[in-house]
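Side chains are part of it too, since the values below use all heavy atoms of this structure and drop only hydrogens, waters and symmetry mates. Each residue takes its place number in the sequence, starting with 1.
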Amino acid sequence: MMYKTPEDFMVYVKAKNPNQPEFHQAVDEVITSVWSVIENTPKYQAANILERIIEPERTIMFKVTWTNDKGGVEVNKGYRIQMNGAIGPYKGGLRFHPSVNLSVLKFLAFEQVFKNSLTTLPMGGAKGGADFDPKGKSDTEVMRFCHNFMLELSRHIGPNTDVPAGDIGVSGREIGFMFGMYKKLRNEFTGVLTGKSLNWGGSLIRPEATGYGVTYFAQEMLKTRNEDFNGKTVAISGSGNVAQYAVQKVNELGGKVVTLSDSDGTIYDSDGIDNSKLAYVMDLKNNRRGRIVEYVAEYRNAKYLEGKRPWEIECKVALPCATQNEISGEDAKTLVKNGCYCIGEGANMPTNPEGVKVFLKNEALYGPGKAANAGGVATSGLEMTQNSMRLLWTREEVDTRLKAIMRAIHQTCVRYGKEGDYINYVKGANIGGFVKVADTMIDQGIT
Ligand code: NDP
Ligand code: 2IT
């Protein structure tokens, strides 16, 4: 074996990819989990799978220029990382956020490879986006940005090549503008993006899928201890797409969600965020594009924790649904100390490496993002299937398939992650996702 230890291999990764801390973090976690598999599988060593799997197949970086409403000229950086296309067309979201850079998108694209493999559907892994901040922009500014972004991106994608979707800062509105420009440029109507509106090729349940999926996954984890959501207090972070539908599903399953957040702070409602309060949050965030602090003016019993994350609030279940590294080692300790023993990651890599160690050491039910939030991309896969067949499945049909996929992912994690009585879902998800991609790369030769 060319490298003696995962640490050895990380020296290589860091030298080849300097100044990309998020990418290093994501690679380190996967490599540590799959190390024993590589050690025991000579064909993976002979094919140099490790060095090959961390190298993006294609990295596209481009300039996006657009004019703001005052006539000023603005410039942003646009990206698409096509990480691995072994098992299907590249697939993964687009993130529009000022924090977007190459490191963040490479970590997300890398995670996506294993996540997509876990879904059981034929999708390779990719991620893209821009350092554009949609906050405070008018609809026409967002439209001009999306159109100019697609002017370049359209050269690199296609329904059988690469199918982007939403992520932070990209939802139905942005997908619509990008789809419109792609259609005009190509003069063809194809399922080149997912997360489309229902009138023009979207799938029922796609908006709900990530939030529902993470809740289904947590439900499966709880089931291994003969438990369910009924009567449990749940802390959720974020207040965007994933967080909103996680609240809806937890409510349906009898849990009580007491927190939501955004990048400015957290709201704590000890009475629970029921469906009518959720409707208020959805209108606030999706239509009025306001801040979560406004919740406490509407619901006076709720408290606003300015600049804080939800993790000091007592709960049994935590569903981080905002962004990467939002749970530190200290946060994880606080959660565990307060009785939290089930963590389902709606966000990608929300727990930092120290936090992950705390959850594993305390034998929590800890579902990492690439398993727990795979319902979103899985339902994107179902949207692609419907587009190919040119038909629309019912809500029930899509939801039934989503549930079955989340259950299958859970089973894969159990199969590869069992350590005595404990299920290490990190190991299970990483090995389960990795083996299929690595075997496929070997089947297809050195390309
Ligand atoms: P949205 O843009 O709809 O919502 C993002 C939420 O997270 C907002 O409340 C936002 O607050 C908050 N947030 C974003 N960045 C930060 C930050 N740096 N610090 C604190 N809070 C932050 O995105 P989604 O709900 O779609 O995505 C949430 C997470 O789920 C991401 O990690 C994404 O990668 C992941 N995910 C999404 C999927 C999907 O289908 N949409 C699928 C799988 C995973 P603010 O408004 O202040 O920015
Ligand atoms: O992180 C993710 O899995 C997503 N943002 C969804 C990707 C997709 O193609 O639906």
Side-chain angles (χ1 to χ4, degrees), residues 93 95-97 134-135 165-172 195 205-219 229 232-253 255-269 272-296 298-299 302 304-305 308-311 313 315 317-327 331 335 340 342-351 367-369 372-377 379 402 406:
R95 179 177 289 191
F96 291 170
H97 193 271
K135 274 198 206 90
D167 193 78
I168 291 176
V170 176
S171 60
I205 302 285
R206 177 61 190 91
E208 293 89 339
T210 312
Y212 281 14
V214 69
T215 313
Y216 293 147
F217 194 86
Q219 195 184 19
F229 269 102
K232 289 202 169 56
T233 302
V234 180
I236 296 184
S237 66
S239 46
N241 172 266
V242 181
Q244 291 169 13
Y245 288 103
V247 176
Q248 195 175 84
K249 188 51 77 174
V250 170
N251 285 345
E252 191 188 313
L253 297 177
K256 182 164 93 167
V257 179
V258 294
T259 66
L260 282 172
S261 69
D262 61 21
S263 49
D264 296 330
T266 291
I267 57 109
Y268 171 47
D269 185 342
I273 301 163
D274 61 20
N275 285 343
S276 84
K277 294 173 183 174
L278 175 62
Y280 168 84
V281 172
M282 286 180 162
D283 179 53
L284 171 71
K285 283 287 168 182
N286 308 348
N287 302 329
R288 292 191 281 129
R289 297 184 187 271
R291 307 306 297 161
I292 201 69
V293 62
E294 293 171 50
Y295 184 99
V296 296
E298 185 74 14
Y299 302 105
Y304 183 59
L305 312 168
K308 295 230 162 145
R309 296 189 159 133
W311 315 129
I313 303 299
C315 64
V317 181
L319 304 177
C321 296
T323 193
Q324 65 271 9
N325 292 326
E326 54 169 318
I327 299 183
D331 293 331
L335 279 163
C340 173
C342 177
I343 304 95
E345 294 187 338
N348 286 304
M349 207 168 76
T351 310
N373 72 37
V377 73
T379 307
L402 169 62
M406 296 316 295

Participant: Can you sort out the partners of Phe217 under ring-ring contact (aromatic ring centres under 6.0 Å, His included), two or more places apart, ordered by chain and number?
Facilitator: His410, Tyr425
Participant: Mind running side-chain contact (heavy atoms from CB on, under 4.5 Å) on Glu252 and Phe229 for me, showing each step along the way?
Facilitator: CA-CA 9 Å; Glu252 191 188 313; Phe229 269 102; over 6 Å; no
Participant: Do Glu294 and Tyr280 have side chains that get closer than 4.5 Å, going by heavy atoms?
Facilitator: yes
Participant: Output all residues satisfying side-chain contact (heavy atoms from CB on, under 4.5 Å) with Ser261, sequence neighbours left out; order by chain, then residue number.
Facilitator: Ser237, Thr266, Pro310
Participant: Quick one: salt bridge (Lys or Arg N to Asp or Glu O under 4.0 Å) partners of Asp283, sequence neighbours excluded?
Facilitator: Arg288
Participant: How close do Ile236 and Ala246 get, heavy atom to heavy atom, and via which atoms?
Facilitator: CD1-CB, 3.9 Å
Participant: Check whether any side-chain heavy atom of Ile313 sits under 4.5 Å from a side-chain heavy atom of Leu305, and report yes or no.
Facilitator: yes
Participant: Tell me the closest heavy-atom pair linking Ala302 and Val296, and the distance in Å.
Facilitator: O-CG1, 3.6 Å
Participant: Counting only N and O atoms by type, is there a donor-acceptor contact under 3.5 Å from the side chain of Arg289 to the main-chain atoms of Leu284?
Facilitator: no
Participant: Hey, what do you get for CG (Asn241) to OG (Ser171), rounding to the nearest 0.5 Å?
Facilitator: 7.5 Å
Participant: Rounded to the nearest 0.5 Å, how far apart are CD of Gln219 and SG of Cys342?
Facilitator: 10.5 Å
Participant: Find out whether Leu260 and Ile273 are in side-chain contact, i.e. whether some heavy atom of one side chain is under 4.5 Å from a heavy atom of the other.
Facilitator: yes
Participant: Looking only at heavy atoms, which two atoms of Thr233 and Cys315 are closest? And how far apart?
Facilitator: O-CB, 3.6 Å
Participant: Identify the two heavy atoms, one from Ile292 and one from Tyr304, that lie closest to each other, and give their separation to 0.1 Å.
Facilitator: CG2-CE1, 4.2 Å
Participant: Just verifying a value: how many Å separate Ile168 CD1 and Thr323 OG1, rounded to the nearest 0.5 Å?
Facilitator: 4.0 Å
Participant: Please round to the nearest 0.5 Å and tell me the distance separating atom CD1 of Ile327 and atom CD of Glu345.
Facilitator: 6.5 Å
Participant: Within the structure provided, determine whether Glu326 and Trp311 are in side-chain contact (heavy-atom separation under 4.5 Å).
Facilitator: yes
Participant: Between Ala347 and Asn373, which heavy-atom pair has the shortest distance, and what is it?
Facilitator: O-ND2, 3.0 Å
Participant: List the residues meeting salt bridge (Lys or Arg N to Asp or Glu O under 4.0 Å) with Glu208, not counting sequence neighbours, and say none if there are none.
Facilitator: Arg395
Participant: For side-chain contact (heavy atoms from CB on, under 4.5 Å), just list the numbers for Ile205 and Leu402, CA-CA rounded to whole Å, side-chain angles, deciding distance to a tenth of an Å, and then say yes or no.
Facilitator: CA-CA 9 Å; Ile205 302 285; Leu402 169 62; 4.1 Å; yes
Participant: In chain order, what residues pass the side-chain hydrogen bond (donor to acceptor under 3.5 Å, both in side chains) check against Asp262, with sequence neighbours excluded?
Facilitator: Lys285, Arg291
Participant: For Val242, check side-chain contact (heavy atoms from CB on, under 4.5 Å) against everything at least two apart and list the hits.
Facilitator: Thr210, Cys321
Participant: To the nearest 0.5 Å, what is the distance between CE on Met282 and OH on Tyr245?
Facilitator: 4.0 Å
Participant: Considering residues at least two apart in sequence or located in another chain, which fulfil the side-chain hydrogen bond (donor to acceptor under 3.5 Å, both in side chains) criterion with Tyr216?
Facilitator: Lys249, Asp399
Participant: Taking salt bridge (Lys or Arg N to Asp or Glu O under 4.0 Å) as the test, write out the residues that go with Asp331, two or more places apart.
Facilitator: none
Participant: Quick check: closest heavy atoms across Ala209 and Thr379, and the distance to 0.1 Å?
Facilitator: CB-OG1, 3.2 Å
Participant: Check salt bridge (Lys or Arg N to Asp or Glu O under 4.0 Å) between Arg95 and all other residues, then give those that pass, not counting sequence neighbours.
Facilitator: Asp167
Participant: Check Asp269, Asp274, Leu319, Val234 against Val257 for a side chain to side chain contact (heavy atoms under 4.5 Å, CB included) and give me the one that passes.
Facilitator: Val234
Participant: Report the distance from atom CD of Gln324 to atom OG1 of Thr351, rounding to the nearest 0.5 Å.
Facilitator: 11.5 Å
Participant: Taking only residues two or more places apart in sequence, or in another chain, which ones meet Tyr295 in a ring-ring contact (aromatic ring centres under 6.0 Å, His included)?
Facilitator: Tyr299
Participant: Less than 4.5 Å apart, any side-chain heavy atom of His97 and any of Ser263?
Facilitator: no
